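Everything numeric in this text was worked out from a predicted model, so none of it was measured.
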Amino acid sequence: MSGSGTDARVDRRAFVARLLGACPDALVVTGLGSPSYDAFAAGDRDRTFYLWGAMGGAVPLALGLALARPGDAVIALTGDGEALMGMGALATVAAQRPPNLSIVVLDNAHYGETGMQRSHTGLGTRLAEVARACGIEDACEVRTLEGADAVARRVAARAGPSFAQVHVHSDALPRALPPRDGAFLKNRFRAAIGLAPL
């Protein structure tokens with residue numbers, strides 16, 4: 001899934017739309033900022049939990065969800081900044097080995113929410129290799145839109161955990177803001193998976 005060149009990048013909105021369109025029943029946890037905007041732009045879904053104001057929390061939350069809901073495919077959709085901040089979560093994912101968890105990192109090599117400073121992935125850190133070193137054997141880099149289909153197959157196979165570092169353009173895209181009411185999002189998500197509101 002590496003594509004034709006080591007500097008190739010893909011349109012993030014198109015990639016997310018294609019991935020989520022191919023995984024309509026997956027439970028999705030989105031990371032802070034752009035991953036939430038991208039998921040919402042692809043179409044609001046009751047089975048998507050938009051994580052607001054919890055930098056580094058998408059993968060741990062998705063891990064807990066995957067362990068609690070072994071019959072559901074779970075996607076953690078996050079960015080490189082959040083993945084870098086929460087690297088320890090990858091080791092915990094590898095230790096727990098939930099087969100139904102897929103981690104998808106949209107890597108634009110910048111900290112998009114704090115001013116577009118270059119992130120460590122733009123300075124040499126290779127997150128897919130970090131994931132493999134933590135023990136997530138199914139870890140890859142994606143540089144083409146068609147790579148979304150291969151990631152979707154991994155999600156459907158539930159033979160994970162799996163990790164995909166998706167190299168995306170760093171274009172400033174219009175914000176597509178999902179609901180920001182935490183209680184509403186929690187209860188909507190709970191209802192979508194058959195649980196009573198809290």
Side-chain angles (χ1 to χ4, degrees), residues 10-79 82-83 86 89-90 92-93 96-107 136 138 142 145 147-166 168 173-198:
V10 64
D11 178 277
R12 64 183 307 137
R13 291 266 163 97
F15 184 92
V16 170
R18 187 159 174 166
L19 173 63
L20 296 184
C23 304
D25 296 323
L27 304 179
V28 180
V29 178
T30 63
L32 182 67
S34 294
S36 289
Y37 311 152
D38 297 338
F40 185 71
D44 191 23
R45 307 171 350 144
D46 292 350
R47 295 170 72 88
T48 298
F49 187 79
Y50 305 103
L51 195 59
W52 290 105
M55 184 79 164
V59 171
L61 195 154
L63 169 60
L65 186 60
L67 294 172
R69 308 280 300 187
D72 289 309
V74 178
I75 301 172
L77 181 68
T78 190
E82 182 164 350
L90 299 179
T92 305
V93 168
Q96 292 294 313
R97 303 202 56 74
N100 57 329
L101 176 60
S102 300
I103 301 166
V104 179
V105 177
L106 304 174
D107 180 7
I136 301 174
D138 183 3
V142 179
L145 181 59
D149 302 332
V151 174
R153 286 193 292 274
R154 284 175 158 87
V155 172
R158 297 185 209 171
S162 67
F163 181 98
Q165 178 183 3
V166 184
V168 298
L173 299 172
R175 290 188 176 185
L177 293 173
R180 300 180 99 173
D181 182 329
F184 165 76
L185 290 171
K186 173 193 68 175
N187 288 325
R188 183 179 79 164
F189 188 80
R190 287 178 62 84
I193 61 175
L195 299 176
L198 288 176

Name all pairs fulfilling the side-chain hydrogen bond (donor to acceptor under 3.5 Å, both in side chains) condition that reach into residues 182-195, sequence neighbours left out, sorted by first residue then second.
D44-R188
Sequence neighbours excluded - side-chain hydrogen bond (donor to acceptor under 3.5 Å, both in side chains) pairs with any residue from residues 55-64
none
By the salt bridge (charged side-chain N to carboxylate O under 4.0 Å, His left out) test, which pairs, at least two apart or in different chains, include something from residues 19-42?
R12-D38, R13-D38
Closest approach of [X] and [Y], non-hydrogen atoms and distance?
{"X": "S36", "Y": "G31", "answer": "OG-O, 2.9 Å"}
{"X": "A164", "Y": "V151", "answer": "CB-CG2, 3.9 Å"}
{"X": "A148", "Y": "L19", "answer": "O-CD1, 3.9 Å"}
{"X": "I136", "Y": "P161", "answer": "CG2-O, 3.6 Å"}

Find out whether [X] and [Y] are in side-chain contact, i.e. whether some heavy atom of one side chain is under 4.5 Å from a heavy atom of the other.
{"X": "V16", "Y": "L77", "result": "yes"}
{"X": "T30", "Y": "V28", "result": "yes"}
{"X": "L106", "Y": "T78", "result": "no"}
{"X": "L32", "Y": "L51", "result": "no"}
{"X": "F163", "Y": "L90", "result": "yes"}

side-chain contact (heavy atoms from CB on, under 4.5 Å) between V105 and V166, intermediate numbers included:
CA-CA 6 Å; V105 177; V166 184; over 6 Å; no
Partners passing side-chain contact (heavy atoms from CB on, under 4.5 Å) against S102 (at least two apart in sequence or in another chain)
V155, S162
Let me see the working for V29 and Y50 under side-chain contact (heavy atoms from CB on, under 4.5 Å), right down to the final yes or no.
CA-CA 6 Å; V29 178; Y50 305 103; over 6 Å; no
Looking at V142, is its backbone amide N or carbonyl O close enough to the side chain of Q165 to form a donor-acceptor pair, meaning the two atoms are under 3.5 Å apart?
no
Please table the atom pairs, donor to acceptor, closer than 3.5 Å between any side-chain atom in residues 176-183 and protein atoms at least two apart or in another chain.
unit_1: D181; atom_1: OD1; unit_2: A183; atom_2: N; d: 3.1
unit_1: D181; atom_1: OD1; unit_2: F184; atom_2: N; d: 3.1

Measure the spacing between CG of D46 and CG of L185 and express it to the nearest 0.5 Å.
10.0 Å
Spatial distance of atom CG (L20) from atom CD1 (I75) [nearest 0.5 Å]
6.0 Å
Result block: side-chain N/O donor-acceptor pairs under 3.5 angstrom for residues 53-74, not counting sequence neighbours:
unit_1: R69; atom_1: NE; unit_2: D72; atom_2: OD2; d: 3.0
unit_1: R69; atom_1: NH1; unit_2: I193; atom_2: O; d: 3.3
unit_1: R69; atom_1: NH2; unit_2: D72; atom_2: OD2; d: 3.2
unit_1: R69; atom_1: NH2; unit_2: I193; atom_2: O; d: 3.3
unit_1: D72; atom_1: OD1; unit_2: R47; atom_2: NH2; d: 3.4

Run the side chain to side chain donor-acceptor pair (under 3.5 Å) test against R158 and tell me which residues pass, sequence neighbours left out.
none
Excluding sequence neighbours, so at least two apart, what forms side chain to side chain donor-acceptor pair (under 3.5 Å) with N100?
none
By salt bridge (Lys or Arg N to Asp or Glu O under 4.0 Å) - contacts of D11 (at least two apart):
none
Could you work out, with salt bridge (Lys or Arg N to Asp or Glu O under 4.0 Å) as the rule, every residue matching R45, not counting sequence neighbours?
none
Aromatic plane relationship, F189 with F49 - under 30° parallel, 30 to 60° tilted, over 60° perpendicular
perpendicular
